[in-house]
Amino acid sequence: MDDPQILKDQAFADFAEFINPMKVRTMKNAGLQIIEEKRQGASVWDITGRKYIDCQTGSGIMNVGRRNPEIVAALKEALDTYDIGVFLLVSKQKAALARKLAEISPGDLKCSIFGVGGGEAVDAALKIARGYTMKTEIIYAEKSYHGHTGFALSAIGREAYKEPFGPLIPGFKMVPFGDIDAMRDAFTNNTAAVILEPIQGEGGIHIPPDDYLPQVRQLCDDHEALLVLDEIQTGFGRTGKMFAADHYGIAPDIMTVAKSLGGGIYPISATVFTEEIQDFFVPHPFIHLSTFGGSDLGCLVGLATIEYIEKNNLAERAVQMGQRFRDGFDRLTGEYEGLLLEVRQKGLMMGLQYTNQSIGPRMTKKLAERGVIAVYTGNDPAICRLMPPLVITEEEVDLVLNALEDSMKELSQEGGIGIDD
Amino acid sequence: VATSAEIMEALADYTIQCNQNKRLRRMQRDWTKLLHFVAEDTGDKFTMEVIKGEIVSTAEGASGTPDVIVTATSEDMCDMFWGDLNPSQKYLDGEIKVKASQEDVMRIDAITMIIWPDA
């Protein structure tokens, strides 16, 4: 058998040469010299055998845990009979997953079209919004993240992702997240939709005021515009409810889901909308298609994933484990107030706001040295995002908290940790 | 401790290396920035102007409104420009401080990777 270290070195070298050298450099600098091998629950083992607790989880694709045995079994069973399926034909697997999504989704959301990833789901949502309303303007939020495809990219609130690729799709208008006055001012008679993450993930775990989303909902109603909620990171129990919209007592007209719908095993996304909006597709039944979206295999994995989340009440578990984290965070905030400014959290969607942008990468490295994968957010390196699997145990929560405390203790003795550094 | 003259000498060599590196020039051709370098132990300051990936000027003193401010000891700064240390590592150790957008921090790291792949 080959030496794991040799295999690892070769993988890094090949990745740098054939895929992305800067990604390799960034991972090495951040202490994330990891080639994932064994995966189980909240843990992942490097090819050399080193164990880590995964608090990154592909920004939330592992709600049911790494390589959950029930989801793996569902896929294996599906593979005994099925393949991806022919997208043009009617599929019982698609129908079953769409029925299940209708059952668990907020409000009157009932109908689905499927994709492979989150960006595809957002593209579909915004196409539907324009097609259905026959209006063109889309309002989106600063620091938002919706994916890197055409419509989704146009709705990203970070210029660096967009700037090299312009001109993008016209008609997109950005407003500050959580500012209802700015949102109100942005509406016109040509507003087709507002797209928001209920809680911003990539932007740095930003939670809006409690009355923000209900007021946006009302503004959309007043202007006959659609509310699109991107629940790609917040969905499937992550925040302590099945969907984050449930915290605010509202329902969108269109909801996008992806990431954890695939159980960390098989890629699938969905755009879920009301029956009224579905009427748009009656005269246009083939206007939006996806070869691999909602494959028979993916739908069976999605069904198994939702059933697992419901059966094991993972939303409630997110509340309980979130509170355990919270107790630890409160202690750390008191002890390291010069380093940790604020904690933003809903269930197991958690963000640590550090004092400056160098801290995120430095903490990432120190945490990796202590067996925890927790990475700063793409939009702001001063924020560490923690999104562990919802199946994380009490003991694992404590290990993460201990690693955070040890890392902060070490970092607080180094230079460059102040707000002005 | 490195003197201002020593840092300027290192900076001149760095400028030649950057400007003669075709791969780097191609990669950075959409990067126009004003950078300040501050030696925290001596208080010396330096300004570098980059236009479309080319370093068009370096000078002692801090002039203009910078997009990027790099703060380090004079010795680290000298070593960095000579390619004798990996600034990314020093940044992660909190010994080199960079005030810039995340994109510009990444750009600087990319430059170091191209110029000193083994540093």
Side-chain angles (χ1 to χ4, degrees), chain A residues 13 16-17 20-32 143 158-166 202-204 338-339 354-369 375-383 407-408 410-421, chain B residues 21-24 26-33 35-41 52-53 66-77 80 83 85-119:
Chain A
E17 184 173 358
N20 188 334
M22 200 57 196
K23 185 170 188 175
V24 167
R25 182 180 174 88
T26 304
M27 291 303 115
K28 284 183 174 176
N29 284 340
L32 298 172
K143 297 183 179 176
R158 183 182 176 198
E159 190 57 27
Y161 282 137
K162 307 200 277 193
E163 193 269 332
F165 307 117
E202 195 73 15
L339 185 62
Y354 299 126
T355 41
N356 71 54
Q357 291 204 340
S358 80
I359 307 293
R362 293 161 70 186
M363 278 295 290
T364 295
K365 187 177 183 190
K366 291 185 188 303
L367 287 168
E369 287 166 358
V375 183
Y376 53 94
T377 65
N379 271 9
D380 189 346
I383 299 163
S407 300
M408 287 183 189
E410 187 174 279
L411 191 57
S412 64
Q413 290 158 9
E414 297 177 2
I417 62 167
I419 291 175
D420 297 327
D421 285 326
Chain B
N21 189 308
K22 287 183 181 175
R23 184 182 177 201
L24 185 63
R26 189 175 67 244
M27 280 171 38
Q28 300 291 95
R29 65 190 189 276
D30 59 344
W31 205 57
T32 294
K33 300 287 171 183
L35 296 87
H36 283 179
F37 295 90
V38 180
E40 59 188 352
D41 52 341
K52 294 181 178 176
D67 303 292
V68 177
I69 303 173
V70 179
T71 305
T73 66
S74 58
E75 201 154 336
D76 279 351
M77 198 174 290
M80 176 176 73
L85 72 79
N86 178 348
S88 308
Q89 197 53 56
K90 286 277 183 177
Y91 173 70
L92 285 165
D93 292 338
E95 294 177 33
I96 291 180
K97 297 159 197 163
V98 182
K99 272 195 174 179
S101 70
Q102 190 188 355
E103 289 72 38
D104 286 336
V105 172
M106 187 65 81
R107 286 279 186 146
I108 292 167
D109 197 24
I111 292 168
T112 64
M113 184 186 76
I114 298 299
I115 299 287
W116 308 296
D118 300 321

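Every chain is numbered from 1 and lettered A, B, ... according to where its sequence line falls, protein lines coming before strand lines.
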> Which pair of non-hydrogen atoms, one from B/N86 and one from A/R25, has the smallest distance, and what is that distance?
Replying inline: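 Closest heavy-atom pair between B/N86 and A/R25: OD1-NH2, 3.5 Å.
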> So which of A/K366, A/K365, A/E163, A/K28 has the largest heavy-atom pair count under 4.5 angstrom toward chain B?
Replying inline: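 That would be A/K365.
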>> Please classify the contact of A/T364 with chain B as side chain, backbone, both or neither, using a heavy-atom distance under 4.5 Å.
In response: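 Looking at A/T364, nothing touches chain B.
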> Is chain B contacted by the side chain of A/E414, its backbone, both, or neither, given a heavy-atom distance below 4.5 Å?
Replying inline: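 Contact with chain B is through the side chain of A/E414 alone.
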> Just wondering, do B/M106 and A/M22 contact through their side chains at under 4.5 Å, heavy atoms?
Replying inline: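 A/M22 vs B/M106: side chains touch.
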> Checking A/P21 against chain B: side chain, backbone, both or neither under 4.5 Å from a heavy atom?
Replying inline: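 Interface part for A/P21: both.
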>> Is A/Y376 in contact with chain B via its backbone, its side chain, both, or neither, using a 4.5 Å heavy-atom distance?
In response: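 Only the side chain of A/Y376 comes within 4.5 Å of chain B.
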>> Between B/D109, B/T71, B/I96, who has the most heavy-atom pairs with chain A when the cutoff is under 4.5 Å?
In response: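 When all of B/D109, B/T71, B/I96 are compared, B/D109 has the most.
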> A/T377 versus B/Q102: any side-chain heavy-atom pair under 4.5 Å?
Replying inline: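 In short, these two side chains do not touch, never coming nearer than 4.5 Å.
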>> Restricting to non-hydrogen atoms, name the atom on A/P361 and the atom on B/L92 that form the minimum distance, rounded to 0.1 Å.
In response: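 Taking A/P361 first and B/L92 second, the nearest heavy atoms are CB-CD2, 3.5 Å.
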